[in-house]
Amino acid sequence: MAYKVLVVDDSSFFRRRVSDILNSDRNLTVIDVAVNGVEAVKKAKELKPDVITMDIEMPLLNGIEAVKQIMANSPTSILMFSSLTHQGAKATLEALDAGALDFLPKKFNEIAKTSGDAGSVLKQRVLELANKKVGRIPRTSFNKESSALKTSRSTQSVKEKVPLDANKTTPRSTSFNKASGNTYKLLAIGTSTGGPVALQKILTQLPSDFPLPIIMVQHMPAAFTKAFATRLNSLCKITVKEAEDGDSLKPGCAYLAPGGKQMVLEGKESNPRIKILDDDSARIAFKPSVDITFGSTSKIFSNNVLAIILTGMGSDGRDGSRMLKSKGSVIWSQNEETCVVYGMPQAVANAGISSLELPLLDFSKAILKEINYK
């Protein structure tokens, strides 16, 4: 049976275009459309779609307010369409905060180089979200302490086929028992779909005197990363900033890789610096890429890194995590039940790279215990 989709947009052209793309996949069917937020809330409750695609700017009730009402009354997986502007970034982050699970640029040429590729990306994202069973949850406001992410994946979940690396497996624990005794000089985090909320939940629980620098790679457009870093900085006790070329890593500061570029580390372990690189290569799918950042990190910090792979589509981070592990660093990953998409964490788990798999809300306390924070 095909997954049911509700398309919400005030543009008849865009509604038709999205509907045609989704209906071309035999696993998806657009059951109805809505022209504003009020209709979206009403039809979400009546039709119970598996996924809703949602515009932000609409008459009567905008997309952000519609998401809040839908998540309060009839929780549904929601994919937002956004403009790649600073204001679009701020609105999209508010929608994710309200409960939306993912977003895509509204201009299809900003999703992929060809309309066919853009359509494929859209269908893939909707299929991934259709496999989420979204529970009724309170708003995870950026201005309040995190609450539990009460979501579980369908038993019919489409799992990415990641080969098991039999040569380099690590026994994996699913609960934090005691600190390993390792010495750390850096915390590194990689994530994609579902990452903005996941990062917020972890970072807001870290103390202002957190003793390590933090580097973060979140798959996100260039227009979004500065707005995201600014927003996190206003809510966290630690400092959060979009990484800039030449930044020196300082304890208690989190550096977010800028969208559309690559972030690498250079220098020595005693004085590491961030290098931001332009990347026009078609060979590397993600800009920024977790693999590239983690790979460069392994050359500087060797065995002194605690690296975490959070929710996200695909397998970016697996190869970089393997490089870190080969130098003696420690890799953790998020468990399936609390992921929006169990792709990137599954990749490192199935490859035997991750030594610990935790629910999202357990990470902050586990990090503090592992680094022996007093």
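Side-chain contact between Pro207 and Leu368 is present, with at least one heavy-atom pair separated by less than 4.5 Å. Between Thr76 and Pro49 the shortest side-chain heavy-atom distance falls below 4.5 Å. Side-chain contact between Lys201 and Val197: present, with at least one pair of heavy atoms (C-beta onward) separated by less than 4.5 Å. You'll find the side chain of Lys185 stays beyond 4.5 Å of the side chain of Val305, heavy atoms only. Within the 4.5 Å cutoff, side-chain heavy atoms of Leu186 are placed close to those of Leu265. Arg125 has its side chain out of reach of Leu122: every pair of non-hydrogen atoms, C-beta onward, lies at least 4.5 Å apart. In this structure, Leu101 and Leu79 have side chains that are not in contact, with every pair of non-hydrogen atoms separated by 4.5 Å or more.
Not a single donor-acceptor pair under 3.5 Å links the side chain of Thr29 to the backbone N or O of Ala2. With hydrogens and angles disregarded, a donor-acceptor distance shorter than 3.5 Å links the side chain of Thr191 to the backbone of Thr311. Counting only distance, with no hydrogens or angles, the side chain of Asn131 and the backbone of Leu127 share a donor-acceptor pair below 3.5 Å.
Of all the heavy atoms in Ser19 and Val33, the pair that sits closest is OG-CG1, 4.0 Å. Nearest heavy-atom pair across Ser329 and Ser302 is OG-O, 2.6 Å. Contact record, Lys45 with Lys48: O-NZ, 3.2 Å, taken as the closest heavy-atom pair. Between Thr225 and Gly259, the shortest heavy-atom distance links the atoms OG1-N, 3.1 Å.
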* Asked: Between Lys4 and Asp50, does a salt bridge (Lys or Arg N to Asp or Glu O under 4.0 Å) hold up when you go through it step by step?
  -> CA-CA 5 Å; Lys4 300 179 295 182; Asp50 297 298; 5.5 Å; no
* **Derivation of the side chain to side chain donor-acceptor pair (under 3.5 Å) call for Asn233 and Thr230** => CA-CA 5 Å; Asn233 185 61; Thr230 299; over 6 Å; no
* When you look at Ile353 and Ile309, which way does the side-chain contact (heavy atoms from CB on, under 4.5 Å) test go after all the steps? -> CA-CA 11 Å; Ile353 299 168; Ile309 298 294; over 6 Å; no
* Asked: What's the verdict on salt bridge (Lys or Arg N to Asp or Glu O under 4.0 Å) for Glu94 and Lys90, showing C-alpha distance, side-chain angles and the deciding distance?
  -> CA-CA 6 Å; Glu94 288 182 30; Lys90 291 175 66 177; over 6 Å; no
* Intermediate values then yes/no, side chain to side chain donor-acceptor pair (under 3.5 Å), Glu370 and Tyr184 -> CA-CA 9 Å; Glu370 175 67 9; Tyr184 296 102; 2.5 Å; yes
* To do: For the pair Asp20 and Arg17, evaluate salt bridge (Lys or Arg N to Asp or Glu O under 4.0 Å) and give the outcome as yes or no after the intermediate values.
  => CA-CA 5 Å; Asp20 288 345; Arg17 189 176 188 189; over 6 Å; no
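Considering only residues two or more places apart in sequence or on other chains, Ser24 meets the side chain to side chain donor-acceptor pair (under 3.5 Å) condition with Lys123. Applying the side chain to side chain donor-acceptor pair (under 3.5 Å) rule to Asn372 yields the partners Lys374; only residues at least two apart in sequence or on another chain are considered. Residues satisfying the side chain to side chain donor-acceptor pair (under 3.5 Å) criterion with Arg15, sequence neighbours excluded, are absent altogether. Under the ring-ring contact (aromatic ring centres under 6.0 Å, His included) criterion, Phe301 pairs with no residue, sequence neighbours left out. Listed by chain and residue number, Glu269 satisfy the side chain to side chain donor-acceptor pair (under 3.5 Å) test with Asn304 (two or more places apart in sequence, or in another chain). Phe103 is linked by a ring-ring contact (aromatic ring centres under 6.0 Å, His included) to Phe224, counting only residues two or more places apart in sequence or in another chain. The salt bridge (charged side-chain N to carboxylate O under 4.0 Å, His left out) search around Lys261 returns Asp278, not counting sequence neighbours. Evaluation of the ring-ring contact (aromatic ring centres under 6.0 Å, His included) rule for Tyr373 yields no partner, not counting sequence neighbours. Residues passing the side chain to side chain contact (heavy atoms under 4.5 Å, CB included) test with Ser11, sequence neighbours excluded: Asp9, Phe13, Phe14.
Between Asp247 and the choices Lys241, Arg273, Lys275, the salt bridge (Lys or Arg N to Asp or Glu O under 4.0 Å) rule is met once, by Lys241.
Between the side chains of Ser120 and Asp117, no donor-acceptor pair is found at a separation under 3.5 Å. Side-chain contact, Asp316 with Ser289: a donor N or O sits under 3.5 Å from an acceptor N or O. Judged purely by distance below 3.5 Å, without hydrogens or angles, the side chains of Asp279 and Gln262 pair a donor atom with an acceptor atom. A donor atom on one side chain and an acceptor atom on the other are not found under 3.5 Å apart for Gln334 and Tyr342.
Look at Asp291 and Arg318 and you find no salt bridge, because none of the NZ, NE, NH1 or NH2 atoms lies under 4.0 Å from a carboxylate O.
Connection of Val330 to Ile371 is established within a shared hydrophobic cluster, with ILVMFWY side chains joined at heavy-atom distances below 4.5 Å, either directly or through further cluster members. Note on Val35 and Phe81: separate hydrophobic clusters, where clusters join Ile, Leu, Val, Met, Phe, Trp and Tyr whose side-chain heavy atoms are under 4.5 Å apart, directly or indirectly.
In the hydrophobic clustering, Leu47 connects to Ile31, either directly or through intervening members, whenever side-chain heavy atoms lie under 4.5 Å apart. When hydrophobic residues (I, L, V, M, F, W, Y) are linked wherever their side-chain heavy atoms come within less than 4.5 Å, the members clustered with Ile284 are Val264, Leu277, Ile292.
Atom CE in Met80 sits 11.5 Å away from atom CG in Leu104 (nearest 0.5 Å).
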Can I get a per-line list of side-chain donor-acceptor pairs under 3.5 Å for residues 56-66, giving both atom names and the distance, sequence neighbours left out?
unit_1 : atom_1 : unit_2 : atom_2 : d
Asn62  : OD1    : Ile64  : N      : 3.1
Asn62  : OD1    : Glu65  : N      : 2.8
Glu65  : OE2    : Lys68  : NZ     : 3.1

